[in-house]
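Inspection log for the structure reproduced underneath, given as structure tokens.
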Amino acid sequence: MADWTDCLNFGISITKQASEVVLSAFQQHKEVKLKSSPADLVTETDQRVERILISAIRNQYPQHRFIGEESVAAGEHLELTDSPTWIIDPIDGTVNFVHRFPFVAISIAFTVNKQTQFGIVYSCVEDKLFYAQRGRGAFLNGEPLFASGQQDISRCVVVTEIGSERDDVALSTMTSNICRLLKLPVHGVRALGTAAVDMCQVATGGADAYYHIGMHCWDIAASAIIVQEAGGVVMDTDGSEFDMMSRRVIAASSASVADCIAQVIQAFPCRRDDEDPCRCAATGVNRL
Ligand code: LIP
């Protein structure tokens with residue numbers, strides 16, 4: 001069985017280097033552009049960090065492939081193949097970055113044969129490096145991570161995101177999901193503004209569940225394996241097996257908490273990350 005430890009160590013090294021660009025820009029004025037909605041932002045730093053990461057990886061591993069948030073936004077075709085692939089979110093929490101809200105992360109997942117081999121999430125301002133390698137555990141700054149194991153939904157802190165959707169269907173679905181959870185009741189609902197760091201809280205045991213509809217593969221591919229390697233459960237919001245391209249996810253401390261959340265929340269229709277936009281236009285469901 002191939003050992004991807006060298007790739008992981010290389011990924012951690014370039015993540016830390018690239019974070020210096022994020023941190024040096026964090027307090028500066030940013031030029032902001034809009035993508036799919038008034039809340040879906042991108043800055044020159046997002047694009048620059050992605051270029052730095054892809055260039056360094058391509059130099060070290062010329063045969064590897066990439067799925068990068070800003071490359072896809074610039075029109076690059078998104079296809080996950082069996083080739084070794086780096087799935088990159090250069091700044092997860094761009095709205096936070098623009099507003100200097102201190103939860104911004106570089107998120108990198110690595111897949112082979114469409115199976116995630118490792119994930120890296122570096123919360124730059126907090127200086128918290130989360131990582132996990134398949135079958136070898138999850139870590140925060142070198143210390144092992146363990147999910148809470150909580151089985152009782154009424155004793156859970158649940159993390160979610162409203163995301164960048166602003167149409168009525170998405171907003172009413174997401175706000176009613178939060179209300180239904182609060183009425184169960186759960187102990188609390190939280191949102192940090194970055195899916196990657198949100199989901200890593202489940203791996204630390206500081207939260208007991210995370211769910212999201214509408215995020216993208218680059219937001220959660222790395223944190224999904226970090227939760228799994230910390231002993232947590234990751235699945236689709238309909239209860240089926242986790243599919244990083246579906247734009248729906250539940251990560252939880254236990255199967256019973258995950259199942260309970262799957263029963264309570266509703267999803268809204270989203271185009272899969274790997275679905276052809278033209279085909280969706282024909283079917284009418286073309287949420288970006
Ligand atoms: C963000 C996610 C966050 C979500 C935002 C946005 P980005 O990713 O991490 O959870 O609420 O809408 O999608 O765009 O900052 O990389």
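Counting convention: from 1, in listed order, for ligands and their atoms alike. For reference, positions follow the sequence shown, starting with 1.
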Considering the heavy atoms of [X], write down every atom of ligand 1 situated less than 4.0 Å from one of them.
{"X": "D89", "result": "16 (O)"}
{"X": "E161", "result": "10 (O), 11 (O)"}
{"X": "S164", "result": "12 (O)"}

Query raised in the report: Given the protein's heavy atoms, is any one of them under 4.0 Å from atom 4 (C) of ligand 1?
Result: yes
[X] N/O under 3.5 Å from ligand 1 N/O:
{"X": "A196", "result": "no"}
{"X": "V95", "result": "no"}
{"X": "D92", "result": "yes"}

Report summary line: Ranked by distance from atom 13 (O) of ligand 1, the top protein heavy atom is D219 OD2, 3.9 Å
Could you tell me whether [X] and [Y] have a side-chain N and a carboxylate O separated by less than 4.0 Å?
{"X": "K30", "Y": "D46", "answer": "no"}
{"X": "E275", "Y": "R247", "answer": "no"}
{"X": "E70", "Y": "R48", "answer": "no"}

Side chain, backbone, both or neither: [X] near ligand 1, heavy atoms under 4.0 Å:
{"X": "E69", "value": "side chain"}
{"X": "I91", "value": "backbone"}
{"X": "M215", "value": "neither"}
{"X": "T94", "value": "both"}

Query - Straight-line distance of I67 CD1 to T81 OG1, nearest 0.5 Å - result: 8.0 Å
Query raised in the report: Has the side chain of N113 got a donor or acceptor atom that lies under 3.5 Å from a matching backbone atom of Q115?
Result: no
Query raised in the report: Do the side chain of Q150 and the main chain of D152 share a donor and acceptor less than 3.5 angstrom apart?
Result: yes
Query raised in the report: In terms of hydrophobic clusters joined by side-chain contacts under 4.5 Å, are M199 and I87 together?
Result: yes
